[in-house]
Novice: 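Please read through the structure below; I'll follow up with questions.
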Amino acid sequence: MNGFSRLELQLKQGIRLRVLCLVLLGAAESAVWLMLPDLGLRLLSMLVLLVVMPLLCWPLLYPHADDAVDQLIWEPDLGSMQLLTLSGGWCQVERLYFSCSVPGLIQVLKLQRADRARPTWLIITPEQVSRTDVRRLHVVLRWAPPLGSHQATES
């Protein structure tokens, strides 16, 4: 036991993820403009970016109801995490592959759900949860034992 209490996050819709995608598109467009010397190649590359970036960001901004997370319940001491999707189904998280937390800006989790073969990316902006929950999630991501790891036993 490490003494972490149960963490329940009720995720709301936010606009910061949309703004982040637009900023990334602008940064990519300006990078292409500055890097490529040929004007024709620049314009073609920028046009391709205008088509590709929305296709890449669409699943993040408008996920399917079975993929969109409505609620997250994490019990770090028990090594248990569950997700409630917008379609109303609960699913167990088997493993937390990657986590990154920048307080006040973004928190990213790469999860392996029991009902999916591919990992799920969960991106949480501060407007989606309360300030207290943002702080608690940051502390748990930083100090809790990794989800999916098992304690060593005596042989």
Side-chain angles (χ1 to χ4, degrees), residues 1-33 45-151:
M1 283 268 178
N2 293 322
F4 290 100
S5 61
R6 178 182 172 126
L7 181 63
E8 293 185 32
L9 301 177
Q10 182 72 35
L11 302 177
K12 299 174 278 197
Q13 290 293 327
I15 195 166
R16 287 190 186 180
L17 193 56
R18 290 177 178 88
V19 171
L20 179 64
C21 286
L22 285 175
V23 167
L24 286 175
L25 175 63
E29 291 284 348
S30 62
V32 165
W33 182 261
S45 299
M46 291 176 76
L47 180 65
V48 168
L49 267 176
L50 280 175
V51 172
V52 170
M53 284 294 285
L55 291 175
L56 292 174
C57 290
W58 189 265
L60 291 174
L61 299 175
Y62 304 103
H64 189 269
D66 290 336
D67 296 327
V69 177
D70 186 41
Q71 187 175 3
L72 175 128
I73 297 177
W74 189 2
E75 298 184 47
D77 286 341
L78 300 176
S80 168
M81 183 186 291
Q82 299 171 355
L83 302 175
L84 176 65
T85 61
L86 284 179
S87 64
W90 285 96
C91 59
Q92 187 71 26
V93 175
E94 294 177 346
R95 186 167 182 194
L96 178 63
Y97 289 114
F98 170 80
S99 66
C100 176
S101 180
V102 180
L105 184 62
I106 196 167
Q107 293 169 322
V108 180
L109 306 167
K110 183 179 178 183
L111 312 166
Q112 181 60 54
R113 292 173 37 177
D115 62 340
R116 297 277 191 255
R118 294 178 47 194
T120 300
W121 288 88
L122 180 60
I123 300 173
I124 301 171
T125 56
E127 65 193 7
Q128 291 180 291
V129 294
S130 69
R131 295 182 90 173
T132 304
D133 288 338
V134 168
R135 181 186 53 78
R136 288 183 64 211
L137 181 60
H138 176 73
V139 168
V140 169
L141 287 174
R142 184 165 175 110
W143 299 107
L147 188 67
S149 67
H150 301 288
Q151 298 292 332

Novice: Would you find more than 12 non-hydrogen atoms of other residues, nucleotides or ligands less than 6.0 Å from I15 atom CD1?
Specialist: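 No, the 6.0 Å shell around CD1 holds no more than 12 heavy atoms from other groups.
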
Novice: Check A144 against P76 and note the closest heavy-atom contact, atom names and distance.
Specialist: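 Closest approach of A144 to P76: CB-CB, 3.8 Å.
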
Novice: Going by atom types alone, do D66 and S87 pair a side-chain donor with an acceptor below 3.5 Å?
Specialist: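 Side-chain D/A pair, D66 to S87: present.
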
Novice: Sequence neighbours left out, what passes side chain to side chain donor-acceptor pair (under 3.5 Å) with S5? Give chain and number order.
Specialist: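 For S5, the residues satisfying side chain to side chain donor-acceptor pair (under 3.5 Å) (neighbours in sequence not counted) are R136.
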
Novice: Side-chain atoms of residues 22-30: list all donor-acceptor pairs with protein atoms under 3.5 Å, sequence neighbours left out, distances to 0.1 Å.
Specialist:
residue, atom, partner, partner atom, Å
S30, OG, G26, O, 3.2
S30, OG, A27, O, 3.0

Novice: Measuring from atom NE2 of H138 to atom SG of C100, what distance do you get when rounded to the nearest 0.5 angstrom?
Specialist: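 That separation rounds to 10.0 Å.
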
Novice: Supply the atom-to-atom distance L105 CG to L20 CG, rounded to the nearest 0.5 angstrom.
Specialist: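 The CG atom of L105 sits 7.5 Å away from the CG atom of L20.
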
Novice: Report the C-alpha distance between V93 and L72 in whole Å, list the side-chain angles of each, state the deciding distance to 0.1 Å, and finish with yes or no for side-chain contact (heavy atoms from CB on, under 4.5 Å).
Specialist: CA-CA 10 Å; V93 175; L72 175 128; over 6 Å; no

Novice: For P126 and I106, which heavy atoms make the closest approach, and how far apart are they?
Specialist: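 Minimum heavy-atom separation between P126 and I106: CD-N, 4.5 Å.
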
Novice: So, applying side chain to side chain contact (heavy atoms under 4.5 Å, CB included) with L122, which one of L9, L11, V108 is it?
Specialist: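 Exactly one candidate clears the test, L11.
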
Novice: If you look at every heavy atom in L60 and L17, which pair is closest and at what distance?
Specialist: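 Heavy-atom minimum between the residues: O-CD2, 3.9 Å.
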
Novice: Partners of T125 by side chain to side chain donor-acceptor pair (under 3.5 Å), sequence neighbours excluded?
Specialist: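 If we apply the side chain to side chain donor-acceptor pair (under 3.5 Å) test to T125, skipping adjacent residues, the hits are Q128.
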
Novice: If you take all heavy atoms of R113 and C91, which pair is closest and at what distance?
Specialist: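 Closest approach of R113 to C91: NE-SG, 3.4 Å.
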
Novice: Testing the basics here: between W74 and S80, what is the closest heavy-atom pair and its distance to 0.1 Å?
Specialist: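 Between these two residues, the closest heavy atoms are CD1-O, 3.2 Å.
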
Novice: Can you pull the side-chain hydrogen bond (donor to acceptor under 3.5 Å, both in side chains) pairs that have at least one residue in residues 46-65, sequence neighbours excluded?
Specialist: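 Pairs touching residues 46-65 that pass the test: none.
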
Novice: Just jot down the side chain to side chain donor-acceptor pair (under 3.5 Å) partners of E75, sequence neighbours excluded, or say none.
Specialist: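 Residues passing side chain to side chain donor-acceptor pair (under 3.5 Å) with E75: R6.
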
Novice: Can you list every pair that meets side-chain hydrogen bond (donor to acceptor under 3.5 Å, both in side chains) and has a residue in residues 11-28, with sequence neighbours left out?
Specialist: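 Every candidate side-chain hydrogen bond (donor to acceptor under 3.5 Å, both in side chains) pair involving residues 11-28 fails, so no pair, neighbours aside, qualifies.
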
Novice: Answer yes or no: is there a donor N or O on one side and an acceptor on the other, between the side chain of Q82 and the main chain of W90, under 3.5 Å?
Specialist: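 No, Q82 side chain to W90 backbone: no donor-acceptor pair under 3.5 Å.
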
Novice: Looking at every heavy atom in both D133 and V129, which two are closest together, and how far apart are they?
Specialist: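 Result for this residue pair: CB-CB, 4.1 Å.
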
